[in-house]
Colleague: 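Following this message is one structure expressed as structure tokens.
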Amino acid sequence: MSDPKILVLATGGTIAGMAGSATRADYAPGQIGIEQFLSSARALKLDAQFTGVQIANIGSEDMGPDVWAALHRHCLAALEADEFDGVIITHGTDTAEETAFLLDMTLPTNKPVVLVGAMRPADAVGYDGLRNFANAVRVASNPEAAGRGVLVVMSDRVHAARDVRKSRTRGTEAFRGFPRESVGLVTPSALEWFGAPWRVGEDARFVFEADLPDVPILLIHAGMTADYVTRLVTNQTRGVVVAGAGEGNMPEAVRRALAGLAADGMPVVRASRLDEGLVDREPEDDENRFVAGRALTPQKARILLQLLIASGVTDPASIQMEFDGR
Ligand code: DAS
């Protein structure tokens with residue numbers, strides 16, 4: 001059997017970063033081009049053929065609509081073409097979860113699409129980029145990776161886009177999943193799935209839009225007043241995500257201000273500022289016309305709400321159904 005053909009879309013991040021010295025703590029992301037990266041990867045003699053495309057070379061704190069549009073376009077073409085068996089996206093770790101989730105919602109699930117990054121730059125002692133990449137190749141080459149949506153491979157774990165989050169600023173064990181810790185374990189020599197694919201044969205759930213509606217996130221803190229809501233919401237705002245305290249809680253004055261917006265038809269989603277922030281519906285959500293964000297982080301709740309509003313869904317009951325899904 002011939003080696004799987006993998007399209008590698010490079011966007012930068014620490015996986016392509018350089019410090020200029022093996023012992024420096026600071027470094028610049030997005031320094032190595034895709035061809036240089038792939039020549040190191042080819043030296044590992046992985047059982048796959050690579051085609052590289054440099055989409056961007058940025059730190060993922062600068063990730064946004066233009067790069068997302070290019071990634072979506074290239075992924076979609078590869079998923080439709082016979083020429084490729086899977087796609088790997090090299091990405092900074094800071095916002096990998098947002099790119100993964102946006103693509104997860106806007107691509108069909110017929111072939112593997114895998115995001116991968118690194119926590120240490122390419123010239124650091126113990127660079128994790130090539131191991132993570134070798135793992136990503138194993139996942140992207142595996143037909144059973146299809147039907148699981150977009151996946152994120154870091155530190156020998158395979159995470160589903162909906163669950164994954166960066167939960168540490170340092171160290172190679174920086175990613176975790178919630179509520180599912182991971183959906184598989186991977187090393188350069190082995191891949192073990194936990195259970196069967198759950199999204200086999202799914203079309204894209206939403207049409208990709210580069211120009212998504214304005215949905216700010218309100219991070220709740222002690223001592224917050226209703227003025228914060230007034231300052232956040234402008235004429236352009238189409239919805240609000242609350243990164244609430246505990247299980248999506250907020251001060252009473254803030255609740256009243258947001259319930260007023262919701263009564264006027266502005267979707268309001270209650271998520272949690274906690275890392276393991278499961279937010280279930282409460283009876284008051286009916287009277288406030290709020291949506292419970294369930295296990296989605298505020299930043300992913302924002303993307304889902306943007307996609308829903310862009311596709312014309314704005315009533316709380318229909319929005320809730322999408323947040324309840326998997
Ligand atoms: N520089 C950050 C980024 O590009 C960190 C990283 O990649 O790990 O997201």
Side-chain angles (χ1 to χ4, degrees), residues 4-11 48-53 55 63 65-91 95-116 136-153 158-164 177 180 182-184 186 191 193-212 296 300-313 318-319 321-326:
K5 297 180 186 63
I6 308 291
L7 176 66
V8 184
L9 303 175
T11 69
Q49 289 176 40
F50 304 116
T51 302
V53 179
I55 302 287
M63 190 55 61
D66 293 346
V67 180
W68 281 336
L71 283 175
H72 188 269
R73 197 172 60 248
H74 280 86
C75 285
L76 201 57
L79 297 185
E80 283 167 358
D82 291 339
E83 187 186 345
F84 294 112
D85 299 296
V87 180
I88 295 177
I89 299 169
T90 59
H91 200 291
T95 63
E97 64 205 66
E98 281 150 272
T99 300
F101 185 61
L102 178 64
L103 295 176
D104 188 57
M105 291 290 106
T106 55
L107 289 173
T109 67
N110 60 317
K111 287 180 196 171
V113 177
V114 181
L115 263 81
V116 67
V137 170
R138 187 157 284 281
V139 174
S141 308
N142 184 281
E144 265 205 77
R148 296 174 199 263
V150 173
L151 298 167
V152 175
V153 170
V158 189
H159 296 285
R162 201 172 183 107
D163 304 322
V164 73
R180 285 177 301 184
S182 61
V183 297
V186 62
L191 170 60
W193 294 110
F194 305 146
W198 62 97
R199 288 180 60 187
V200 175
E202 251 194 41
D203 282 336
R205 291 189 179 173
F206 294 93
V207 173
F208 178 82
E209 287 267 359
D211 194 15
L212 285 169
L296 286 183
K300 282 191 233 174
R302 172 176 181 268
I303 289 172
L304 182 53
L305 186 55
Q306 287 177 303
L307 289 168
L308 283 160
I309 295 169
S311 58
V313 180
S318 308
I319 294 173
M321 274 169 55
E322 292 293 334
F323 276 82
D324 292 350
R326 277 225 57 81

Colleague: How far does CG of L304 sit from CZ of F101, to the nearest 0.5 angstrom?
Modeller: 5.0 Å
Colleague: State which residues pass side-chain hydrogen bond (donor to acceptor under 3.5 Å, both in side chains) with S318; sequence neighbours excluded, sorted by chain then number.
Modeller: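 For S318 the side-chain hydrogen bond (donor to acceptor under 3.5 Å, both in side chains) partners, ignoring immediate neighbours, are D315.
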Colleague: Under the rule for salt bridge (Lys or Arg N to Asp or Glu O under 4.0 Å), what residues qualify as partners of R302, not counting sequence neighbours?
Modeller: none
Colleague: Of all heavy-atom pairs between F84 and I6, which one has the smallest distance, and what is that distance?
Modeller: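 Closest pair (atom of F84, atom of I6, distance): CD2-C, 4.0 Å.
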Colleague: Before you tell me yes or no, could you show the steps for H91 and V67 under side-chain contact (heavy atoms from CB on, under 4.5 Å), namely the whole-Å CA-CA distance, both residues' side-chain angles and the distance that decides it to 0.1 Å?
Modeller: CA-CA 11 Å; H91 200 291; V67 180; over 6 Å; no
Colleague: Please identify each residue that fulfils ring-ring contact (aromatic ring centres under 6.0 Å, His included) with F323, with sequence neighbours left out.
Modeller: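 Scan of F323 (ring-ring contact (aromatic ring centres under 6.0 Å, His included), adjacent residues dropped) gives none.
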Colleague: Go through the structure and list residues passing salt bridge (Lys or Arg N to Asp or Glu O under 4.0 Å) with D324, not counting sequence neighbours.
Modeller: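 In terms of salt bridge (Lys or Arg N to Asp or Glu O under 4.0 Å), with neighbours along the sequence ignored, D324 is linked to R294.
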Colleague: Partners of R180 by side-chain contact (heavy atoms from CB on, under 4.5 Å), sequence neighbours excluded?
Modeller: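 Applying side-chain contact (heavy atoms from CB on, under 4.5 Å) to R180 gives A160, D163, V183, W198, R326.
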Colleague: Quick test of your reading: applying salt bridge (charged side-chain N to carboxylate O under 4.0 Å, His left out), list the pairs with at least one residue in residues 96-115, sequence neighbours left out, ordered by first then second residue.
Modeller: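 Pairs touching residues 96-115 that pass the test: D104-R199.
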Colleague: What are the two closest non-hydrogen atoms of R162 and K300, and how far apart are they?
Modeller: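 Closest approach of R162 to K300: O-NZ, 3.1 Å.
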Colleague: Partners of V53 by side-chain contact (heavy atoms from CB on, under 4.5 Å), sequence neighbours excluded?
Modeller: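 Result, side-chain contact (heavy atoms from CB on, under 4.5 Å) vs V53: L7, L9, I55, H74.
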Colleague: What are the two closest non-hydrogen atoms of L71 and T99, and how far apart are they?
Modeller: CD1-CG2, 3.8 Å
Colleague: Can you check whether A146's main-chain N or O pairs, donor with acceptor, with T109's side chain at less than 3.5 Å?
Modeller: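 Such a contact is absent between T109 side chain and A146 backbone.
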Colleague: Show, in sequence, the C-alpha distance, side-chain angles and deciding distance for V207 and S311, and conclude whether the side-chain contact (heavy atoms from CB on, under 4.5 Å) test is met.
Modeller: CA-CA 8 Å; V207 173; S311 58; over 6 Å; no
Colleague: Can you sort out the partners of H72 under ring-ring contact (aromatic ring centres under 6.0 Å, His included), two or more places apart, ordered by chain and number?
Modeller: F208
Colleague: Could you tell me which residues satisfy salt bridge (Lys or Arg N to Asp or Glu O under 4.0 Å) with D85, sequence neighbours excluded, listed by chain and number?
Modeller: none
Colleague: Can I89 and V150 be said to form a side-chain contact (heavy atoms from CB on, under 4.5 Å), step by step?
Modeller: CA-CA 10 Å; I89 299 169; V150 173; over 6 Å; no
Colleague: Would you please name every residue forming a side-chain contact (heavy atoms from CB on, under 4.5 Å) with A81, sequence neighbours left out?
Modeller: E83
Colleague: With rounding to the nearest 0.5 angstrom, report the CG to CG distance, L307 to L102.
Modeller: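 If we round to the nearest 0.5 Å, L307:CG and L102:CG are 6.0 Å apart.
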Colleague: Could you tell me which residues satisfy ring-ring contact (aromatic ring centres under 6.0 Å, His included) with F206, sequence neighbours excluded, listed by chain and number?
Modeller: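 Expected list: none.
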Colleague: Of all residues at least two apart in sequence or in a different chain, which pass the side-chain contact (heavy atoms from CB on, under 4.5 Å) check with A145?
Modeller: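 side-chain contact (heavy atoms from CB on, under 4.5 Å) list for A145, sorted by chain: P112, V139, L151, W193.
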